[in-house]
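So you know, we letter chains A, B, ... as the sequences are listed, proteins then strands, and number each from 1.
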2 protein chains.
Amino acid sequence: MLLINRDTDYAIRVIVYMFKMDEKTISARDISDRLDIPYPFIRKILQTLSKENILKTRRGRGGGFSLKKLPEDITTIQLVKIFQDDMDITHCIFKDNICPDIDSCILRKEVKSIEKFIKERLGNLTVEDLIRKQ
Amino acid sequence: MLLINRDTDYAIRVIVYMFKMDEKTISARDISDRLDIPYPFIRKILQTLSKENILKTRRGRGGGFSLKKLPEDITTIQLVKIFQDDMDITHCIFKDNICPDIDSCILRKEVKSIEKFIKERLGNLTVEDLIRKQ
DNA sequence: TATAATGATAGTTATTTAATATCATTTATC
DNA sequence: GATAAATGATATTAAATAACTATCATTATA
């Protein structure tokens with residue numbers, strides 16, 4: 001089990017890279033070549049980030065992707081939620097089944113509270129932090 | 001992503017059940033029937049728990065499993081570690097690859113710290129807590 | 001000796017994740 | 001206007017993991 005999955009990790013790397021490069025726009029092909037990420041894979045991630053309003057796109061020849069938000073306005077939890085199904089680590093596999101009462105489940109309460117903690121921590125970690133502190 | 005996977009969840013339920021029943025030994029077949037868990041599946045879990053010294057076994061006719069530890073001596077994190085590959089949620093998929101220096105990775109540091117928090121929390125949650133507080 | 005249990009381990013199926021492929025649309029340049 | 005180079009949308013395949021099943025040997029009781 002990983003807290004940050006591959007998609008999220010790639011997304012973070014791409015965004016950090018784009019900030020560092022400081023180019024107006026950069027194509028999926030270039031990112032794929034420079035960061036050594038499979039082309040169709042990074043395309044899907046870039047498309048998602050653009051749908052989520054984190055990237056701008058310019059179509060057609062010479063087009064590509066550029067950042068729409070400032071690094072201090074992108075948090076890690078935002079990206080995790082986009083690529084990891086809202087990060088619902090509490091989801092009970094036994095609901096409607098063995099478990100007598102979901103509301104009285106101590107384990108569930110504990111996990112829920114841990115989830116809250118994680119979301120707060122990653123909510124305070126921006127892309128700027130990742131760039132600046134390194 | 002789930003914090004507690006199916007194996008761990010079953011293991012917890014079985015142990016709680018065994019404490020509540022207060023029978024000397026109980027067979028895998030009985031547990032399977034009473035908790036509605038697939039027989040070969042629960043067998044594997046029981047075998048693992050017995051290898052890990054959480055259960056005692058008696059082989060042969062009339063045999064089965066019984067608890068070896070007290071509920072206050074079994075923590076949730078123990079069970080998670082047994083069934084979930086030590087719960088290494090930090091594991092970096094990019095080592096030896098893109099990442100320039102694993103030691104300077106801010107994201108990694110953050111995730112590692114979250115992992116530590118989770119392990120402490122689940123380390124303080126015993127099976128007795130799960131029974132008593134319910 | 002037959003039966004009912006676990007020990008050990010192999011094998012299968014289902015689900016999820018990772019990666020690839022295709023074609024339409026857009027836009028810059030020649 | 002034609003061509004090339006880009007993204008948009010979406011379908012498909014492949015690999016990995018998780019879930020589940022099966023088999024046979026060994027043990028112990030009646």
Side-chain angles (χ1 to χ4, degrees), chain A residues 1-11 14 18 23-33 35-68 80 82-85 87-89 91 93-94 97, chain B residues 1-11 14 18 23-33 35-68 80 82-85 87-89 91 93-94 97:
Chain A
M1 189 198 76
L2 291 175
L3 192 63
I4 308 285
N5 78 5
R6 189 176 291 250
D7 283 15
T8 310
D9 219 326
Y10 276 140
V14 167
M18 288 173 83
E23 295 172 50
K24 279 284 181 305
T25 62
I26 183 167
S27 73
R29 175 62 65 193
D30 277 356
I31 292 176
S32 165
D33 290 346
L35 294 185
D36 197 30
I37 300 171
Y39 174 68
F41 197 60
I42 197 61
R43 280 206 55 200
K44 201 156 55 176
I45 289 169
L46 291 168
Q47 283 193 7
T48 303
L49 288 173
S50 131
K51 274 182 197 158
E52 296 286 339
N53 276 302
I54 290 167
L55 300 182
K56 284 191 287 243
T57 66
R58 233 183 49 222
R59 297 178 73 174
R61 186 171 185 156
F65 299 85
S66 59
L67 290 156
K68 202 170 177 179
V80 168
I82 289 169
F83 292 102
Q84 292 173 228
D85 195 26
M87 205 188 74
D88 173 17
I89 65 172
H91 173 76
I93 56 173
F94 295 109
N97 227 345
Chain B
M1 187 198 77
L2 290 175
L3 193 62
I4 309 285
N5 77 5
R6 189 175 292 249
D7 284 16
T8 310
D9 219 326
Y10 276 140
V14 167
M18 288 173 83
E23 295 173 50
K24 278 286 180 305
T25 60
I26 184 167
S27 72
R29 174 63 63 193
D30 276 356
I31 293 177
S32 164
D33 291 345
L35 294 186
D36 197 30
I37 300 172
Y39 174 67
F41 197 61
I42 197 62
R43 280 206 55 200
K44 201 155 57 175
I45 288 168
L46 291 167
Q47 283 193 7
T48 303
L49 287 172
S50 130
K51 274 184 195 155
E52 298 286 340
N53 277 300
I54 290 167
L55 300 182
K56 285 192 286 247
T57 67
R58 235 183 49 224
R59 297 176 72 173
R61 188 174 182 154
F65 300 85
S66 59
L67 289 156
K68 202 170 179 180
V80 168
I82 290 169
F83 293 103
Q84 294 174 222
D85 194 28
M87 207 190 70
D88 172 18
I89 64 170
H91 173 75
I93 56 174
F94 294 109
N97 226 344

Give a yes/no answer on whether the side chain of A/Thr57 brings an N or O atom under 4.0 Å of OP1 or OP2 in D/dG8.
-> yes

Would you kindly give the CG-to-C1' distance between B/Leu49 and C/dG7, to the nearest whole Å?
-> 15 Å

Among the nucleotides D/dA6, C/dA18, C/dA8, which one has an atom lying closest to any side-chain atom of A/Asp7?
-> C/dA18

For A/Gly62 and A/Thr25, work out which heavy atoms get closest and say how close.
-> O-OG1, 4.0 Å

Could you check how far CZ of A/Phe65 sits from C1' of C/dT26, rounded to whole Å?
-> 13 Å

Compare the minimum distances between each of C/dA18, D/dA19, D/dG8 and the side chain of A/Gln47, then state the nucleotide with the smallest one.
-> D/dG8

Is the phosphate of C/dG7, meaning OP1 or OP2, less than 4.0 Å from a side-chain N or O of B/Ser50?
-> yes

Got a donor-acceptor contact below 3.5 angstrom from the A/Ser32 side chain to the A/Ala28 backbone?
-> no

Indicate the atoms forming the closest heavy-atom contact of B/Met18 with B/Ile26, along with that distance.
-> CE-CG2, 3.7 Å

Restricting to nitrogen or oxygen on both sides, can you table the protein-nucleotides 13-16 of chain C pairs closer than 3.5 Å?
none

Given protein heavy atoms under 4.0 Å, the one-letter contact record of nucleotides 21-30 of chain D, with B base, S sugar-phosphate only and - none, is simply B-B--BBBB-

Note: B/Ile37 and B/Phe41 closest approach over all heavy atoms is CG2-CD2, 4.2 Å

Any donor and acceptor pair, going by atom type alone, linking the side chain of B/Gln84 with main-chain N or O of B/Asp7 inside 3.5 Å?
-> no

How long is the line joining CG of B/Asp36 and P of D/dC20, in whole Å?
-> 11 Å

Spacing between A/Ile45 atom CD1 and D/dT10 atom C1', to the nearest angstrom = 17 Å

Rounded distance (Å) that lies between atom P of D/dA6 and atom CD1 of A/Ile42 | 16 Å

Counting heavy atoms from C-beta on, name the nucleotide in D/dC20, D/dT7, C/dA8 closest to the side chain of B/Arg6.
-> D/dC20

Atom-to-atom span, CD1 of B/Ile26 to P of C/dA4 - whole angstrom | 18 Å

In short, A/Ser27 meets A/Gly63 closest at the heavy-atom pair CB-O, 4.1 Å

Using whole Å, report how far OH of B/Tyr10 lies from P of D/dA18.
-> 16 Å

Heavy atoms under 4.0 Å, any strand shown: does A/Lys56 hit a base, just sugar-phosphate, or nothing?
-> nothing

Pick out which of B/Thr8, B/Asp85, B/Asp9 makes a side chain to side chain contact (heavy atoms under 4.5 Å, CB included) with B/Val80.
-> B/Thr8

To the nearest angstrom, how far is A/Phe83 atom CZ from C/dA18 atom P?
-> 12 Å

Of all heavy-atom pairs between B/Asn5 and B/Phe83, which one has the smallest distance, and what is that distance?
-> ND2-O, 3.6 Å

